[in-house]
Amino acid sequence: LNQTNEFKRRSGIMPDITFFMDVLPEIGLERASTRGDANKFEAKNMVFHKKIYGRFKSIAAMHNERVFPINCMNREVAEIHALVIDRIFH
């Protein structure tokens with residue numbers, strides 16, 4: 001996150017919209033494990049994941065004019081996709 005913020009600061013580039021796929025770390029890690037595609041990122045401890053999740057929530061709150069959070073905890077991929085497409089084109 002710090003590298004991304006530094007790039008934005010130096011370049012002046014900001015996205016028009018950012019999608020925050022909001023899912024609790026415990027649920028996201030369980031999904032990755034179930035899919036069998038967990039990697040070294042998922043191997044980090046829960047404290048790390050909760051800290052990152054909290055940072056993304058803070059960014060979403062601070063930039064609510066361009067960050068669009070999507071609650072992904074109880075939604076199917078097709079429904080999430082439809083929300084993203086709707087937000088982009090409407």
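Remember, predicted model here, so these are calculated numbers, not experimental data.
Enclosure of atom CG in Asn74 is not indicated, since only 12 or fewer non-hydrogen atoms of other residues, nucleotides or ligands lie within 6.0 angstrom. Annotation for Glu65: atom CD counts as buried by contact number, over 12 foreign heavy atoms lying within 6.0 Å. Atom CD of Glu26 is surrounded by more than 12 heavy atoms from other residues, nucleotides or ligands within 6.0 Å.
Side chain of Arg55 to main chain of Lys51: no donor-acceptor pair is present (N/O by atom type, distance under 3.5 Å, no hydrogens or angles). His90 places a side-chain N or O within donor-acceptor distance of the main-chain N or O of Asp86, the cut-off being under 3.5 Å.
Using a 4.5 Å cut-off on side-chain heavy atoms (C-beta onward), Glu42 and Asn39 make contact. Here the side chains of Pro15 and Arg66 are in contact, with some heavy-atom distance below 4.5 Å. Side-chain atoms of Leu29 and Phe41, non-hydrogen and from C-beta on, never get closer than 4.5 Å to each other. In this structure, the side chains of Asp22 and Cys72 stay at 4.5 Å or more apart for every pair of heavy atoms. Contact annotation: the side chain of Thr18 never approaches that of His63 to less than 4.5 Å [non-hydrogen atoms, C-beta and beyond]. Residues Lys57 and Val67 fail the side-chain proximity criterion, which asks for heavy atoms closer than 4.5 Å.
Connection of Ile27 to Phe20 is established within a shared hydrophobic cluster, with ILVMFWY side chains joined at heavy-atom distances below 4.5 Å, either directly or through further cluster members. Using a 4.5 Å cut-off between side-chain heavy atoms of Ile, Leu, Val, Met, Phe, Trp and Tyr, with links allowed through other members, Ile70 and Ile52 fall into different hydrophobic clusters. Cluster membership check: Phe48 shares its hydrophobic cluster with Leu24, using side-chain heavy-atom separations under 4.5 Å among Ile, Leu, Val, Met, Phe, Trp and Tyr.
Taking the centre and axis of the six-membered ring of Tyr53, the NZ or CZ atom of Lys50 falls outside the cone set by 45° and 6.0 Å.
Within the model, atoms CD1 of Ile88 and CD1 of Ile85 stand 5.0 Å from one another, a figure rounded to the nearest 0.5 Å.
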Phe89 and Val84: CA distance, side-chain angles, deciding distance, side-chain contact (heavy atoms from CB on, under 4.5 Å) verdict: CA-CA 9 Å; Phe89 294 107; Val84 169; over 6 Å; no
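For Gly28 against Val23, the heavy-atom pair with the smallest separation is N-CG2, 4.1 Å. Taking each heavy atom of Phe68 and Ile17 in turn, the nearest pair found is CB-CD1, 4.1 Å.
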